[in-house]
Protein chains: 2
Amino acid sequence: MPVNPPTLADVAERAGVSRQTVSNALNNPHLLRPETLERVRAVVDELGYSPNRAARNLRTRHSHLVGLRFTPAQEGTANALMDRFLHKLVATSALHGYHVLLFSDDDTEPLQAYDDLLRSTAVDAFVVTDTYLGAPQAAFLTQQRAPFVAFGRPWEDPSATHAWVDVDGAAGTALATDHLLDRGHTRVAWIGWRKDLFIGEDRRSGWVRAMRARGLPTTGLASRVEDTVASGREAAAVLLAEAAPTAFVCASDTLAMGVLQLLAERGLVAGRDVAVVGFDDSQVAQVVPGGLTSVRPPLEQVAVEVVTALRRVLSTPPRANTGVLLSPTLEVRGSG
Amino acid sequence: MPVNPPTLADVAERAGVSRQTVSNALNNPHLLRPETLERVRAVVDELGYSPNRAARNLRTRHSHLVGLRFTPAQEGTANALMDRFLHKLVATSALHGYHVLLFSDDDTEPLQAYDDLLRSTAVDAFVVTDTYLGAPQAAFLTQQRAPFVAFGRPWEDPSATHAWVDVDGAAGTALATDHLLDRGHTRVAWIGWRKDLFIGEDRRSGWVRAMRARGLPTTGLASRVEDTVASGREAAAVLLAEAAPTAFVCASDTLAMGVLQLLAERGLVAGRDVAVVGFDDSQVAQVVPGGLTSVRPPLEQVAVEVVTALRRVLSTPPRANTGVLLSPTLEVRGSG
DNA sequence: GCGCTGGCTTGTATCGATCCAACCGTCGAT
DNA sequence: ATCGACGGTTGGATCGATACAAGCCAGCGC
């Protein structure tokens, strides 16, 4: 163990001022005369002083930690949103003195972990990323009056008043569809998820909107399946046989990879014979031979907005917070 | 804000015992008579008491937090080790009462962040994942007498005495090479990284070892390039032209994707015409059409061993810790 | 000379858990 | 009857930063 780090009192003594003054130098510098401030700061640097976090947390009742439940990407899928988002979240939080604390829950009692962290005053707030159907986190935290910001809209409860940031999936798929239509396609198919997944329906609606805007039919061109490569492949096979589309817009890169797989099996070339667009701009889309055109969610921007919202929520008094909806972009690659 | 959570004193009063007894009930249950313990525990549950972390941290000088610098996966590559590793790390740490705190550093002063967290006693220990050439973290933390465990061997300084866990890259590539040789290939090429990257040389040595074990030549069959898809493609093109290999073992999935790309361009089928094996078992390997055979590092196991080592290092007195080397497995898919 | 203000100092309380030392019934063993 | 262990109690100190109140001194305006 290292020697005990210097304390406030050590700094005070060395700088020839009182503890209070050192504390003020750190937290209310405007109260000090410039030269005193300078002197205190010099000693702080000299001793390498950094306030003891436990002591500060105890007194101020703030931990300056933000909790995030970390769920790993599913094996066998192309989805790895967390990586980009998390890094920017960590970096942006740091700019405002916050660190990110990760936790996981045992699946049996998903709220337990949140509750424990709250009651032990381990975190000041949460970032919630699961807002899929039936996720109880938002409601629970609201009820506990715990500060939090959600990445994802309150689909089930539009009257929810908590802060949230989300990506406009419909705008993304509309962008993708328009791109394909601009390139001359008219029969653009959709491969998405189960009807009860709000995110999937949102993305689907962008495709519908873009098609209708050009007076094109969508009947028979849509498919709803599980989010796996195999399902994407199956769906593409069925659609090709029954509706002869020349392009596919998919709800995820995972599904799009299924389409690419089918094309490969049939000796068709993605981007030349049939166009394919995915969603997420995953690493897979970036490195697959030929490249997969994909809708890129602005995850870095989401992270920045989440931190902004956190600061709002944690300020005293808490400032009201509306939802923020961010538009994705389209990364055009070889597949269409 | 919620009402203030109950404190030790609240529990004590309600259970009709002293503060000390409640504290003992939590930390030294063996000191209590079973029925008293039961009564205290009942009240703890009833009030939903959880010890205030800041207070406990202050008193015990332990935060029960483990710091990890979070670096995002590079865009355009297939490497995303962090995801699997991190989740298991978080889950395993939780079993022993530890949480994971993420931080990032500004690139200008990479040790600053470590130093700040140390001096403010924000974390008890670090998990260090950058042990590449010239990474100064391990030396710095050793010098500061800060507890830490490295994911990665101390390549540059074999005399380093800190705890580490690593994946045996040579064993992985040997496994891959043997697999190809078993399938009848004799001209197996290597595509790896710059000579000064220890990890790359380690992986390369496994290929060399496996080839030599069967008396096969390696001359002219190896290439060293940057870790990008484009470099992998280039290297494969050169090797095919100059050495006519029938199989490739690559230092990463990223490089392997470059090979797959070249094959696709030439109308060759991976796994039939030319075999390709990658390293990392990334999502890309799992979902690319046809599938990429890849060496899978046992990241979950690494995480478990890291936590074990952490507990050793943090125990009083710290128990000595040797390095742990884990063997990867081979995930066989369509490419070879 | 009086009052005021800026820039401190001094002193004390507080946050909540843990540590320490001393003490005290009760019960069983000697 | 004495001793010691068991299973507690009690009171206080401690960790380090921050909050709060009161006081003090120099300098300034009037």
Side-chain angles (χ1 to χ4, degrees), chain A residues 1-41 43-44 47-64 97 116 118-122 124 316, chain B residues 1-41 43-44 47-64 97 116 118-122 124 316:
Chain A
M1 287 296 294
V3 274
N4 282 348
T7 72
L8 231 184
D10 297 333
V11 176
E13 191 182 2
R14 191 135 172 74
V17 297
S18 66
R19 279 158 35 225
Q20 186 68 276
T21 302
V22 178
S23 179
N24 285 338
L26 299 172
N27 302 315
N28 302 89
H30 65 276
L31 292 177
L32 300 209
R33 218 177 359 175
E35 52 266 39
T36 312
L37 183 56
E38 196 44 53
R39 189 153 42 95
V40 173
R41 287 199 167 141
V43 175
V44 165
L47 297 183
Y49 169 75
S50 193
N52 181 305
R53 275 187 138 85
R56 171 176 280 184
N57 294 350
L58 176 60
R59 191 62 181 91
T60 63
R61 296 173 164 282
H62 293 310
S63 66
H64 287 272
D116 286 348
L118 263 184
R119 287 205 319 259
S120 62
T121 63
D124 290 347
T316 45
Chain B
M1 287 296 293
V3 274
N4 281 348
T7 72
L8 230 186
D10 297 333
V11 176
E13 191 182 2
R14 191 136 171 74
V17 298
S18 68
R19 279 159 36 221
Q20 185 70 274
T21 302
V22 178
S23 178
N24 286 338
L26 299 173
N27 303 316
N28 301 90
H30 66 278
L31 293 177
L32 301 209
R33 217 177 356 178
E35 52 266 38
T36 313
L37 183 56
E38 196 44 52
R39 188 153 43 95
V40 173
R41 285 200 170 142
V43 175
V44 165
L47 296 184
Y49 169 75
S50 192
N52 181 305
R53 276 193 141 78
R56 170 175 279 184
N57 294 350
L58 176 59
R59 193 62 182 92
T60 63
R61 297 171 165 282
H62 293 309
S63 65
H64 286 272
D116 285 348
L118 264 184
R119 286 205 320 260
S120 61
T121 64
D124 290 347
T316 45

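Residue numbering restarts at 1 for every chain, and letters A, B, ... go by the order of the sequence lines.
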(message) Can you tell me if A:Tyr49 touches the phosphate of D:dG16, counting only side-chain N or O atoms and a distance under 4.0 Å to OP1 or OP2?
(response) no
(message) Side chain of A:Arg19 only, heavy atoms from C-beta on: which candidate in C:dG16, D:dT18, C:dT9 is closest?
(response) D:dT18
(message) Within the structure provided, determine whether B:Leu8 and B:Pro51 are in side-chain contact (heavy-atom separation under 4.5 Å).
(response) no
(request) Check every strand shown and say whether A:Ser18 touches a base, only sugar-phosphate, or nothing at a heavy-atom separation below 4.0 Å. (result) base
(message) Does C:dC8 have its OP1 or OP2 closer than 4.0 Å to a side-chain nitrogen or oxygen of A:Thr36?
(response) yes
(request) Could you check how far CG of B:Asn57 sits from P of D:dC15, rounded to whole Å? (result) 16 Å
(message) Strictly below 4.0 Å: does A:Arg53 bring a side-chain N or O up to OP1 or OP2 of D:dA17?
(response) no
(message) Hydrogens and angles aside, do A:Asp124 and A:Ser63 bring a side-chain donor and acceptor to less than 3.5 Å of each other?
(response) yes
(request) With rounding to the nearest 0.5 Å, note down the distance linking CG in B:Leu58 to CZ in B:Arg53. (result) 15.0 Å
(message) Check the phosphate of D:dT18 against A:Asn27, side-chain N and O only, distance under 4.0 Å to OP1 or OP2. Yes or no?
(response) yes
(request) Between C:dA21, C:dA17, C:dC15, spot the one nearest the side chain of B:Gln20, thanks. (result) C:dA21
(message) Given D:dT18, C:dT18, C:dC8, identify the nucleotide with an atom nearest to the side chain of A:Thr21.
(response) C:dC8
Cut-off 3.5 Å, no hydrogens considered: what does the side-chain donor-acceptor table look like for residues 27-34 of chain B, sequence neighbours left out?
residue: B:Asn27; atom: OD1; partner: B:Arg56; partner atom: NH2; Å: 3.4
residue: B:Asn27; atom: ND2; partner: B:Ser23; partner atom: O; Å: 3.3

(request) Using atom CD of A:Glu13 as one end and atom P of D:dA17 as the other, report the distance to the nearest whole Å. (result) 14 Å
(message) I need the CZ-C1' distance between B:Arg39 and D:dG8, as an integer number of Å.
(response) 11 Å
(message) Nearest to the B:Asn52 side chain among D:dC15, C:dA17, D:dT18, which nucleotide is it?
(response) C:dA17
(request) Indicate whether OP1 or OP2 belonging to C:dT18 is found under 4.0 Å from a side-chain N or O atom of B:Ser23. (result) yes
(request) Let me know, please, whether A:Gly16 or B:Leu8 comes out on the 5' side of the other along DNA chain C by nearest nucleotide. (result) A:Gly16
(request) Measure the distance from NE2 on B:His30 to P on D:dC6 and round it to the nearest whole Å. (result) 11 Å
(request) Let me know the distance between CZ of B:Arg59 and C1' of D:dA13, rounded to the nearest Å. (result) 8 Å
(request) Would you give the length of the straight line joining atom CZ of B:Arg41 to atom CG of B:Leu37, rounded to the nearest 0.5 angstrom? (result) 4.0 Å
(request) Give the rounded distance in Å between these two atoms: NE2 of A:His62 and C1' of C:dC15. (result) 13 Å
(message) Within the 4.0 Å heavy-atom criterion, would you say A:Leu32 contacts the bases, only the backbone, or no part of the nucleic acid?
(response) sugar-phosphate
(request) Return the value, rounded to whole Å, for the distance between atom CG of A:Asn24 and atom C1' of D:dA17. (result) 12 Å
(message) Please report the distance, rounded to the nearest Å, between CZ in A:Arg56 and C1' in D:dC15.
(response) 16 Å
